[in-house]
There are 2 protein chains.
Amino acid sequence: MSISSRFAVGIHILTLIEFNKEGVTSSDFLASSVNTNPAVIRRLMGMLKKAGLIEVHPGIAGAKLAKELSEITLYDVYKAVNVVQENELFSIHENPNPDCPVGRQIQNTIEPLFISAQLAMEKILTNVTLEDVVKDITVKENIC
Amino acid sequence: MSISSRFAVGIHILTLIEFNKEGVTSSDFLASSVNTNPAVIRRLMGMLKKAGLIEVHPGIAGAKLAKELSEITLYDVYKAVNVVQENELFSIHENPNPDCPVGRQIQNTIEPLFISAQLAMEKILTNVTLEDVVKDITVKENIC
DNA sequence: ATACATGTAATCAAAGTTGTTACAGGATGA
DNA sequence: TCATCCTGTAACAACTTTGATTACATGTAT
């Protein structure tokens with residue numbers, strides 16, 4: 001099991017919009033950098049737009065960031081592209097046997113543990129902004 | 001996307017072996033508590049055995065824990081049932097365009113962030129043992 | 001020998017992911 | 001107005017994973 005690459009691609013999209021902010025960032029342009037189909041990009045742009053992270057309009061080429069770089073966290077992107085549902089990173093088997101003490105309680109016992117593990121992971125994502133990502137890429141590019 | 005319920009079922013299996021330690025915990029018995037097929041349980045028992053968490057033998061009914069309850073963490077179970085590969089909780093799109101600064105660096109920039117988020121989640125799992133789970137169920141049962 | 005257990009392979013349906021095609025509809029300039 | 005280029009979306013196929021199921025080989029004990 002792996003969390004969908006929509007998350008990584010979403011970060012890629014937003015980062016490239018920033019790098020190309022003087023130009024026109026169309027779905028074709030993004031697709032060629034990500035190396036995928038433009039329709040895949042447009043699907044993701046729809047999610048990012050719905051989440052208020054970018055501005056994009058039918059018929060008008062190019063997407064723009066709707067917020068400051070430093071105000072967009074990886075968690076925002078993660079939620080926007082809908083890769084993991086609230087409290088559902090881990091799945092729990094349904095309908096355990098209620099006639100057994102373990103079957104009766106296992107869900108209630110396990111669920112809070114799973115949720116706290118999920119929250120710990122998501123906490124890390126809230127602590128990283130797109131500004132951090134852009135800066136890191138800039139540094140790496142200057143070194144090369 | 002969700003992490004396979006093999007993890008939750010693995011915890012269920014180990015917990016029930018403990019609760020039923022005076023009796024014989026066969027795959028049929030486990031299956032009726034989990035509410036699944038005995039072959040599914042046996043597949044999981046194979047993984048738990050391979051990881052050194054239980055002892056089980058062909059032809060002999062019943063599984064036993066191979067370690068103390070307090071020495072088995074949820075992380076041990078998580079690794080045993082193989083629900084998430086090392087450093088692969090998040091997937092990253094392959095073959096981004098190397099002619100683009102973002103395409104060139106995005107993988108190297110994102111990967112350590114993803115790994116640290118994964119590790120934060122896994123850290124929580126290492127801090128919970130099966131003993132905690134068993135105690136919690138015991139308490140919940142006494143209250144009811 | 002029988003009865004019953006584990007070990008394991010093969011198969012299947014359901015769901016999610018990613019890529020692809022197609023087309024409706026908005027914006028713009030000749 | 002028309003042609004062109006863009007976004008927005010739906011529909012579909014290929015692939016993968018999950019979980020259930022069936023079947024059967026093999027081990028153990030009476």
Side-chain angles (χ1 to χ4, degrees), chain A residues 1-10 12-13 17 20 23-51 53-64 66 78 81-85 88-96, chain B residues 1-10 12-13 17 20 23-32 34-51 53-64 66 81-85 88-96:
Chain A
M1 169 325 293
S2 242
I3 290 173
S4 165
S5 69
R6 284 200 303 276
F7 183 25
V9 175
H12 189 143
I13 289 172
I17 290 173
N20 190 45
V24 174
T25 310
S26 66
S27 63
D28 267 62
F29 178 74
L30 285 162
S32 89
S33 173
V34 171
N35 192 23
T36 184
N37 192 293
V40 171
I41 298 294
R42 291 199 291 273
R43 216 154 39 195
L44 278 169
M45 289 201 307
M47 296 184 186
L48 297 172
K49 177 184 184 180
K50 192 174 168 192
L53 302 184
I54 63 175
E55 285 175 10
V56 55
H57 305 278
I60 304 178
K64 296 291 180 187
Y78 164 93
V81 298
N82 211 32
V83 283
V84 174
Q85 304 308 306
E88 291 183 10
L89 174 59
F90 298 90
S91 53
I92 302 182
H93 53 299
E94 299 185 338
N95 308 316
Chain B
M1 171 321 299
S2 244
I3 290 173
S4 166
S5 67
R6 282 199 304 274
F7 183 24
V9 174
H12 188 142
I13 289 172
I17 290 173
N20 190 43
V24 174
T25 310
S26 67
S27 62
D28 267 63
F29 177 74
L30 285 162
S32 87
V34 171
N35 191 23
T36 184
N37 192 293
V40 172
I41 298 293
R42 290 200 291 272
R43 213 152 44 196
L44 279 169
M45 290 200 306
M47 295 184 186
L48 297 172
K49 177 184 184 178
K50 192 174 168 190
L53 303 184
I54 63 175
E55 285 175 10
V56 55
H57 306 279
I60 303 179
K64 296 290 179 187
V81 297
N82 212 32
V83 283
V84 174
Q85 304 308 307
E88 291 182 11
L89 174 59
F90 298 90
S91 54
I92 302 182
H93 53 298
E94 298 186 338
N95 308 315

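Convention: sequence-line order gives letters A, B, ...; per-chain numbering from 1.
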I would like to know whether A:Ile41 and A:Val34 meet side chain to side chain contact (heavy atoms under 4.5 Å, CB included); could you show each step before the answer? CA-CA 9 Å; A:Ile41 298 294; A:Val34 171; 4.0 Å; yes
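- Taking atom CD1 of residue A:Ile3 and atom P of nucleotide C:dG16, one finds them 15 Å apart after rounding to whole Å.
- In plain terms, the two heavy atoms of A:Ala63 and A:Val56 that are nearest each other are CB-CB, 4.3 Å.
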Which letters describe nucleotides 20-30 of chain D, given B = protein heavy atom under 4.0 Å from base, S = only from sugar-phosphate, - = neither? BBBB---BS--
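- B:Ile92 places its CD1 atom 13 Å from the P atom of C:dT18, with the value rounded to the nearest Å.
- Relative to the side chain of B:Met45, the nucleotides C:dG7, C:dT18, D:dG19 differ in distance, and C:dG7 lies closest.
- Taking atom CG on B:Asp28 and atom P on C:dA3, their separation rounds to 17 Å, with Å as the unit.
- Toward the 5' end of DNA chain C, the nearer of the two residues A:Val83 and B:Val56, judged by each one's closest nucleotide, is B:Val56.
- In this structure, the side chains of B:Asn82 and B:Gln85 come closer than 4.5 Å at one or more pairs of heavy atoms.
- For the residue pair A:Val81 and A:Arg6, the shortest heavy atom distance occurs at O-NE, 3.1 Å.
- Atom CE in A:Met1 sits about 15 Å away from atom C1' in C:dA15, given to the nearest Å.
- The closest donor-acceptor contact from the side chain of A:Arg42 to the backbone of A:Ser27 lies at 3.5 Å or more, if one exists at all.
- To the nearest angstrom, P of D:dG8 lies 12 Å from CG of A:Leu44.
- A:His93 has its NE2 atom 13 Å from the C1' atom of D:dG19, to the nearest Å.
- Spacing between atom CD1 of A:Ile13 and atom P of C:dT18 amounts to 12 Å, rounded to whole angstrom units.
- Rounded to whole Å, the distance from CZ on A:Phe7 to P on C:dG16 is 20 Å.
- An OP1 or OP2 oxygen of D:dT7 is reached within less than 4.0 angstrom by no side-chain nitrogen or oxygen of A:Lys49.
- Checking the phosphate oxygens (OP1, OP2) of C:dT18, a side-chain nitrogen or oxygen of A:Ser4 falls inside 4.0 Å.
- Two residues are said to be in side-chain contact when any heavy atoms from C-beta on lie closer than 4.5 Å; A:Asn35 and B:His93 fail this criterion.
- Summarising the geometry of B:Lys64 relative to B:Gly23, their closest heavy-atom pair is NZ-O, 3.4 Å, with the distance given to 0.1 Å.
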